[in-house]
Structure formats: structure tokens, C-alpha cells
J.: 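Please find one structure pasted underneath; my questions will follow.
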There are 2 protein chains.
Amino acid sequence: MLTQSEENYLKAIYSLSEDQKESISTNLLAEKMSTKPSSVTDMVKKLSDKELISYQKYQGCELTAIGKKTALQIIRKHRLWEVFLVNKLNFGWDEVHEIAEQLEHIQSAKLTDHLEEYLGYPKVDPHGDPIPDKNGIFEKINKSIALSDVNLKGKGSVVGVEDGSSGFFQFLKRYEIGLGTEIQVMEKFDFDLSVLVLINGKEISFSSVVANKIFIQVK
Amino acid sequence: MLTQSEENYLKAIYSLSEDQKESISTNLLAEKMSTKPSSVTDMVKKLSDKELISYQKYQGCELTAIGKKTALQIIRKHRLWEVFLVNKLNFGWDEVHEIAEQLEHIQSAKLTDHLEEYLGYPKVDPHGDPIPDKNGIFEKINKSIALSDVNLKGKGSVVGVEDGSSGFFQFLKRYEIGLGTEIQVMEKFDFDLSVLVLINGKEISFSSVVANKIFIQVK
DNA sequence: GTTAATTTTTAGACAAGTCTAAAAATTAAC
DNA sequence: GTTAATTTTTAGACTTGTCTAAAAATTAAC
């Protein structure tokens, strides 16, 4: 039985492990969790005692097989609840993250499985992220790529975004960008890593910050 | 912003206030919360500081108007989630209490309201208890009465039960008692306050403990 | 209307999760 | 390959919610 805090740490470690293969440093994890490195040290010791992560002093941490499976179950719940909120309760995909952060901690495997069935076994959440099944297995069907990594003249449709802040969603709304929106990269500027894209016939310039957060599936 | 513990105390105080008009004693609340009186003293001080209850040393506590409203919002969430679990996810009415105990603490008024709409504005939960609206108002349409209080030869259908323990639900299942089951009180024994009832053509004797927990709507 | 039983509160302690400030280890710089 | 900068850990403290044990207040008993 894990506390909400422990679950959030596991999720954060999993998320960071997706971006980089090496072990996760204390400082990096502290930043992700919006807390202090000393607090992280305390927590990784605890999670290590529970054999959910491997941890050596000064060497960062890494999920064990059990830890990874546990993290995936939390992610599974988060994404299923997001589907519920958007598909059944008519929330916008830009307002479900915070609520799902709470719902993901509800303890009942039966509830999760019933919810999944009720939703018709969805494969992806409203942000385009894949939903692990009860064994933690999910298809990496969305070989999505950040706008910043798309080749010149590359074209595709939006399948997901990173960053959960509402400010970013406001931004997307302003430019009428949603799941499925067609985007083509017209020019790439090396000096500031910004990109000029074509959306609905209009040319728009995106900073590298934005270009790193919008993911499209190239055709 | 209240902690889950604070919310649970408010709910308990509300529940006890339903049974008796006087202020709630520390010991009684401790028993209800399955904790020690000293812990209760600490908590009622905190809730009193927040003006959710009125509390005078050695005099017990009582919900303020704001405290009552807050408690009713938690109860509202609990019961709406129970309806969801039973009506949408096909849970039995005897297995939803524990999960609803967790879901009732999810913080989002918008979620609660959307859920209510999605469920079609139900008036009662699967146990027959009324669901308060967003202003904390609910109809006391179910003038249900405990089996122990039904007059001799009184007849009616089950509209609710008290006690959330799974043992009790097992008991009900064993005797095939559910919402709507017809019950008639055939005899009442003063010496042990037990009752002899007629259910589905069979005569069954209920102890006073049980008779206090089954509520019927007399015709 | 004292004394006894019960209830309630206080005082001090503990675990979880966090913090600050200081010490220790690692990494980088020259 | 020492010295300096950075990262990480330790030590001690704070908060929340709980506990035990003892003291204080209330209620009951005679």
C-alpha cells in the first residue's frame, strides 16, 4: 500500500526515465517534483527499502521491474479517468489533468477494470498518450515526434502535447490547435530554434519552447 | 481547503447529529471515528478554529452552518459516486461504500456537478439515502422507518439500510433482502426487542441489532 | 455535599513528508 | 592532480494526525 506521495514519485521517475536511459539524479527529480533535493533523498531511500527503485548514494535512482509496473498502473488509472472526463462528462481535454491527478490515486483494481470496460477499452487518452492494460502493456502506436524534430516540409497531424499547465492549453486554443490538427513545417531557424509552420492555411511562428511540446504523427 | 481527515470528521459529526439533537461528545465521536478521545480533542480544536464547528471545552461540539454545508457537500459527492458505480459500472450496492469513501474527497465542484448531470440528477443513492443538491438541500421524501419501530402487522418495502460493514451486507444477501423487498412485521418481542417478520412467504426472526438497521417505507 | 467513577483534556512522543543549513562526496577546471 | 564548483546527503526542525499516560473537569453515587 503506497501513499499518494510515493505514487507521485514513482510516476515522476518513470516519466523522466522515458526521456533518458541513465539513472535519475536527485536534483532532476527534485525539480520534477517541485521539491528540495533533501526531501528527494529521504523519499528515494524509502522507495528503495520497498524495492520499487534501485538506489546507491550519490548515484541517482532507477525503477525496478516492480516499480515500473506500479508506475504504469498509476498512469493507466490517470489516463482512463481522463478518457472518462472527456468522453462521458464532457470536459475539455485541457481541463482534465488536475482532476485525473487526484483520481489516479483511488485504490481499487476492480474499479479501474470496470471503468476500462465501460469506456470500451480505449487505447489512448485525450492527449494522445497510450493507456497501459492491466498488465502494464501498451502499444507504442503513436510514434509521435516533437514539432522541433520534424524535417523541413514535414507534414502531419497533432497526436499529443506535453506540459500540463493551463497556460499552454490557452495558447493552443488561441491558435485553434487540437488533436488531429494538420501542421506542416515550412521553415526552421537555427539561430533560435524556432519553426515556421502552416496551420489551416495560415503561417505561424513557434518558439522552440512551443515546438518541443507539440507532437505530430508524420505521414 | 480541508484535509481528508478533517472532511471525515465533519461527516461523522453530521451523521451523529442526525441521530441526536444535543452536541456530540468527544467519546462518541472517537468511537465513530475509530480513534482515541485525545485525538478527537486535537481535531475539534482545529475544526473550531476554522469555524466549521462550535466547541467549548468539556461540552462537546456541534456543526456551524458552514460546517453543515461542507459536510453535506461531501455526502453529496459520496452518494453521487455510489450511483455512478452501481448504475454505470455495474457494481453491486453492497460493494460501493469503500470506493465512494475515497472518491468523496476528490476536489472539483465542476466534476461533481457534471457527474450529477451525467447521472440524470438522481434523488437517492443505491442505499435509498437522499442526495443533497449543490446547495446542500435534499428532499426527505424517504420517511423510512427502522424495522424495530414498525407497528405490529406493519408492512412495507425496504428503502435503505444503515451500517456500512460488509458483514452486514453478507447477512442481507443470505436472506435475499435488497431494495424493494417486501417485509411485514408479524410479532414483536419486548424481552429482547427482536421481531418476527415475513419475507417472501418465510418467517424470519431478527435481533434488535438487525431490526435497527433495516429501513422500510410503510404503505 | 463529599467521595468515586467517568469523561475530557493536556503533555509528551512518534511517523510521514517536508524544510533549511551545513557537511560530505562527486565532478569540473585549470 | 590539486583546487573549486556542483551535487548530494546528513542533521535537526516543523506540521499533521495519531498515540499513551497522567492530570483536570464533570457527572454520578451514596
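All values reported here derive from a predicted model rather than from experimental measurement. So you know, we letter chains A, B, ... as the sequences are listed, proteins then strands, and number each from 1.
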J.: Identify all pairs in which a protein N or O lies below 3.5 Å from an N or O of nucleotides 24-27 of chain D, and state each distance.
T.:
{"unit_1": "D:dA25", "atom_1": "O4'", "unit_2": "B:Y58", "atom_2": "OH", "d": "3.3"}

J.: Kindly state each residue pair satisfying side-chain hydrogen bond (donor to acceptor under 3.5 Å, both in side chains) with at least one member in residues 47-67 of chain A, sequence neighbours excluded.
T.: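 Non-adjacent pairs meeting side-chain hydrogen bond (donor to acceptor under 3.5 Å, both in side chains): A:E6-A:K50.
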J.: What parts of residues 21-29 of chain B reach DNA chain C, counting only heavy atoms under 4.0 Å away?
T.: B:S25, B:T26, B:N27
J.: Tell me which residues in residues 30-43 of chain B put a heavy atom below 4.0 Å from DNA chain D, sorted by number, or none.
T.: B:T35, B:K36, B:S38, B:S39, B:D42
J.: In a table with atom names and distances, give each donor-acceptor pair under 3.5 Å that connects a side chain of residues 29-44 of chain B to protein atoms at least two apart or in another chain.
T.:
{"unit_1": "B:K32", "atom_1": "NZ", "unit_2": "B:S15", "atom_2": "OG", "d": "2.9"}
{"unit_1": "B:T41", "atom_1": "OG1", "unit_2": "B:P37", "atom_2": "O", "d": "3.2"}

J.: Please list all pairs meeting salt bridge (charged side-chain N to carboxylate O under 4.0 Å, His left out) that have one or both residues in residues 71-90 of chain B, counting only residues at least two apart or in different chains.
T.: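 Qualifying pairs: B:R76-B:D113, B:R76-B:E116, B:R79-B:D125.
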J.: B:Y55 OH to C:dT8 P: how many Å, rounded?
T.: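 Distance, rounded to whole Å: 9 Å.
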J.: Expected output check: what is the dot-bracket annotation of DNA chain C, where ( ) and [ ] are pairs inside the strand (brackets for crossing ones), | is paired with another strand, and pairs are Watson-Crick or G-U under 3.5 Å?
T.: ||||||||||||||||||||||||||||||
J.: Heavy-atom contacts under 4.0 Å between residues 67-75 of chain B and DNA chain D, which residues?
T.: none
J.: Going by side chain to side chain donor-acceptor pair (under 3.5 Å), name the residues that satisfy it together with B:S194, two or more places apart in sequence or in a different chain.
T.: B:D192
J.: Between D:dT16 atom C1' and B:L47 atom CG, what is the distance in whole Å?
T.: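 Spelled out: CG on B:L47 to C1' on D:dT16 is 13 Å.
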J.: Tell me, please, which residues at least two apart from A:Y118 pass side chain to side chain donor-acceptor pair (under 3.5 Å).
T.: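 Checked A:Y118 against side chain to side chain donor-acceptor pair (under 3.5 Å); matches are B:Y118.
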J.: With sequence neighbours excluded, tell me which residues meet side chain to side chain donor-acceptor pair (under 3.5 Å) with B:E117.
T.: none
J.: Return the set of residues passing side chain to side chain donor-acceptor pair (under 3.5 Å) with A:K188 (not counting sequence neighbours), or none when no residue passes.
T.: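 Checked A:K188 against side chain to side chain donor-acceptor pair (under 3.5 Å); zero matches.
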